[in-house]
Structures are given as structure tokens and as C-alpha cells.
Amino acid sequence: MPERPHHLALDAVVDLDVPGPTISRHLYGQFAEHLGRCIYEGFWVGEDSDIPNTAGIRADVVEALRELSVPNLRWPGGCFADEYHWQDGVGPRDHRPRMVNTHWGDVVEDNSFGTHEFMALCELLGTEPYVSANVGSGTVQETSDWVEYLTRGDDAPMARLRRRNGRDEPWKVTFFGIGNEPWGCGGNLRADQFASLARAHATYARNHGDNRLVRVAAGASDDDYSWTETLMQQVATLGDAEPRDLFQAVSFHFYTFAGTWGAKGSATEFGRDEYWATMRKALDVRRLIAGHAAVMDAYDPQARIALALDEWGTWWDVERGTNPGFLYQQNAMRDALVAAVHFDAFHDNARRLRLANIAQTVNVLQSMLLTDGARLIRTPTFHAFAMSTGHQDATALPVRERSPRAHHVVGGTPVATVSASASTKDGAVLVSLTNLDPDAAATVRLDLRGAVVADPVGTVLAADDPAAHNTVDAPDTVAPRPLDGVRLDDGVLVAELPAAAFATVRLTLT
Ligand code: AHR
């Protein structure tokens, strides 16, 4: 289809002297589950592998992920977390018991990647751990012992066990998940049942020494606001009881696909209708964040308790010939655009939303990286994350539109074709601009007021076809390049975005 001419898709104002909330770096978190080839092959190849590694952890994967400044990594699940018994994953590897990974491919898990390997991975990445406890089939004692093992420094029983297993110093653990999807794979519980269990587990997930856990209560699916309401009533705030807050965050999960859960669509073979259905679904994340935040506001107007979207991203039908339980999918330009509109929604809701984890880092769902034996590719989603690192811990600068944005009608619903957000940090302003229209370039004008900026430098990720993707034979089909023609007209940033493009523009505050 011939590309239509440029049109003014967004005309907006950014007040540089009216700062919004801090965009927590933890909104750019990752998720690694014992699922398919994420942990095994993706992160872990073992010390004896021909693939270069550091104590068994793939060197190329670590090197690539360091480009993303990964702020936190969630592990071991997902559904897997609720059948994982952490003591099976410590001690000499050849003595570790095996188990069946019933959720993901019904394969035998040999527990060779366990707590010590995960914490070593976090150290190599320079990332903060987000450990998820087993509430579905585990005990409160297991939860208590795991936290003691991880974070206690004296000669407590679990600290002694850790030392016997080769680690003297306790680790610092930031995030601690209590359960996962308890309404489904995590036990098929009702919200009130889970609330009781979660209170018990959280009580015994102690703060040892100076370690302070951010306890995350496993939350709703999509727009199940009643789940959030039950958690806020029964779990998150305990009124005058001490400690007042058993939990520091409440989560929810939201996945993007074009079709239905039964037939989600292909990652790379899709037409315009599926493309736009995907975008409409992705943009719905704004409604969901606002809905959960509104429920939380009623119980916690100060926003002490964070909202966490600790699983998000695209979920497509698996690639032909791969194990249906391994959730392996390709990753196209369309996926990068889905990520980009999520980032904008995160920035706009940064006061309440302070933790997010895309699913998942390597070889599963919307991955940053795909591996094939010793080979590795960076996906378009990887590049969208890399281009956005400057927003981590920056101050949000709300983008206010002066006139309605361009839109495309999808099933009777108008879908904005352009998305934007901005932030400031370290004497610079970073603007993110996304043109969702796969058939038309777009002009964006942002009136940057309240301070003087200079030297705009643009980077763009774009492809002629939103299905374009990287392969081991063509790893740079979709890769960032300079965005030409970005200019400042008397304080107004003007950028011309190609069709289906994600761009960032960095400006200096003078
Ligand atoms: O990310 C894959 C799975 O999706 C997780 O294990 C589960 O929590 C969710 O349903």
C-alpha cells in the first residue's frame, strides 16, 4: 500500500517547569520463568558448555541485557513459582532433586538453576532481584526460611545453610512476590481465600537486618477490579494494627494479543485488521491502570502502596514446530510498538504504578533476546527498551494535547495513532514518540515551554512492514538509526515519524 503523505498527528504542549512524579526505574523490569528455553538455554548453559559463560550463565545474554540497565528481574515464575520448592534448588547440583514442570511442557526440571544461580545472574546484570514465593503449594515455613536464607547475616539456621552452600554474605532482596495468579494456576482461589493465605505468608516474610522487602500481593487479571478491592480491604492496609502495611505493592497482569486466548494470532503473519486489533488491545492498558489505581486511591489516597503490572506484553500462537508449552514466539516491529505504548502509559501513571515486568526476557513470549544454539539476536522490543533507558528514575513531564490526536477507527472505536511521553533527568529532556499508523507517516509538534532546550538528537526504530523482525541470519532488519529532520522551531519540537515507528528525541536543557 503506498504511504500517505505526512500529516499533523499530534500537536501538544509539554511544560518543562511543571514536573510530574518520578518514573520508577522498576517500570522497566524483566521476568524470567522456568518455562521453555528462558532459563535453560536462555540464561543458563552450565559451566561445561561450549557457549561462553560465567559460572554457567551465558556471557552474550548478560552483555546484551546490560545495555538495558535492567532494574529488576522477577523469578522463578509465573505459574512455576507456585510449584517450586526452593530448597530443591540449593546445594550441590548433582544432589538436587528433580520435579515435573506441570505448567510448561510437562518437562522434568533438574533444579540446576536455583537461588544461588539466580542471585549470581542478578549480580552479573547489576539488577535487583524480585523473588516470587510459592503460596499455591508451598508452606508459610518455606517462605519464612527462604527470606532468612537470602537476607540474614548472623548464624541463624538458614544463614548457616547458605554458608555451607558457598555464600557467606546475605544478599539484598528488593521485591518479594506473595503468590502468582492465585485466581488461576496459583491455586484457583477466591480473592478472600487468597487474602488470608497472603497475610500469613507476608507476615513471615520478615525484614532481616537492614534488608527491606517490597512485598507484592499477587493481583488481578486484566480489569478484575473487585480482586484489587478485596486485596486493598483485607491485605494491603491493616488500619491501626502494626505493622500497618503488610504489603508494599499489589499487582495485576495484562497481556496483548489480536484474537482470543484460544487463537491469539501469529507473531509475524498478520494483516491490517489484526494489527489494529492488537493496538486497540495494547492501548487498553491505560484503562486498566487507571481502574486499579482508582480502587487503590479509595483505600490509600497517599499512594503508599504501589500498583505493579508484573506480567505484561504480547502473547502470540507459538512458532510452528515448537513445543506449545514453551511459549516461543518471534518478535516483530509490531511488538516494539506495543511496548512503546505501554511505556507511555507507565510514565503517565507513575505516581501509583511503580513496578512492571515484561514477560519474558529470553525465548519466551515478548522477549528481549532470542537464542538459537550459540547464536543470539536482539529483538525489536529489545531496541525499544534500550532507547527508553533514559526515562528510568527521570521526572515525568506530562504531554497535554492542544487538539485531538489523529485516530483510526477499529471496530467502531477510535484508536489514537500517535502516542507520546516525556521526562527530564540530568539536565536533559527525553521525548518518546510513537506512530502506530502502518500506512502513513506522521508529523508531531511539541511545544516545550517553561525552560529552554537545544540540540535535539533523534533515534528511530521503524520498518516498512510492521511484521518485520530479526533472525539469526538477518539480525539487524529492525534496528535503531538516527531520525533525520528533527528540529526546534522557536521552542517547538517538530519531528516527522515514518509509518509504524518508535522514536526518541533527546534535548539538552540550557
Ligand atoms: O508468562 C507466562 C505465564 O503467564 C505465567 O507463568 C503466568 O503467571 C501467566 O499466566
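Each ligand, and each atom within it, is numbered from 1 in the order the structure gives. Sequence positions, counted from 1, serve as the residue numbers for this chain. These figures come from a predicted structure and were not determined experimentally. Keep in mind that the numbers below use all heavy atoms, side chains included, and drop hydrogens, waters and symmetry copies.
With no hydrogens or angles considered, a side-chain donor-acceptor pair links N72 and N357 at under 3.5 Å. Under the 3.5 Å distance criterion, with hydrogens and angles disregarded, a donor-acceptor pair is assigned to the side chains of N165 and Y149. With hydrogens and angles left out, the side-chain atoms of D222 and Y255 include no donor and acceptor closer than 3.5 Å.
Neither the backbone nor the side chain of V364 comes within 4.0 Å of ligand 1, counting heavy atoms alone. Only the side chain of W315 comes within 4.0 Å of ligand 1, counting heavy atoms alone; its backbone N, CA, C and O stay farther away. Neither the backbone nor the side chain of F80 has a heavy atom within less than 4.0 Å of ligand 1. By the criterion of a heavy-atom distance under 4.0 Å, neither the backbone nor the side chain of H103 is placed next to ligand 1.
Checked against a 3.5 angstrom limit, the closest N/O atoms of L35 and ligand 1 fall outside it.
Each of the following atoms of ligand 1 lies closer than 4.0 Å to a heavy atom of C79: 5 (C), 6 (O), 7 (C), 8 (O). Shown in contact with F31 at under 4.0 Å from a heavy atom are these atoms of ligand 1, numbered in order with element: 1 (O). Near L365, meaning under 4.0 Å from one of its heavy atoms, ligand 1 places the atoms 1 (O), 2 (C). The contact set between ligand 1 and Q360, taken as ligand atoms under 4.0 Å from a residue heavy atom, comprises 1 (O), 2 (C). Ligand-side atoms of ligand 1 in range of G78: 5 (C), 6 (O), 8 (O), range being under 4.0 angstrom from any heavy atom.
Nearest protein heavy-atom contact of atom 10 (O) of ligand 1 is E181 OE1, 2.7 Å. Nearest non-hydrogen protein atom to atom 7 (C) of ligand 1 is E311 OE1, 3.3 Å.
At a threshold of 4.0 Å, the pair D348-R286 counts as salt-bridged, since one of the basic side-chain nitrogens sits closer than that to a carboxylate oxygen. We find that K281 and D284 are not joined by a salt bridge, their nearest charged nitrogen and carboxylate oxygen being 4.0 Å or further apart.
Ring to ring, F343 and H391 are not that close: their centroids are 6.0 angstrom or more apart. Ring to ring, F346 and W312 are close: their centroids are under 6.0 angstrom apart.
At a 4.0 Å cut-off, at least one heavy atom of Y255 sits close enough to ligand 1 to count as contact.
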Item to check | Verdict with reasoning, E117 to R93, per salt bridge (Lys or Arg N to Asp or Glu O under 4.0 Å) | outcome: CA-CA 11 Å; E117 290 78 13; R93 276 193 211 105; 2.9 Å; yes
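Using a 4.5 Å heavy-atom threshold, the side chains of Y28 and V70 count as separate.
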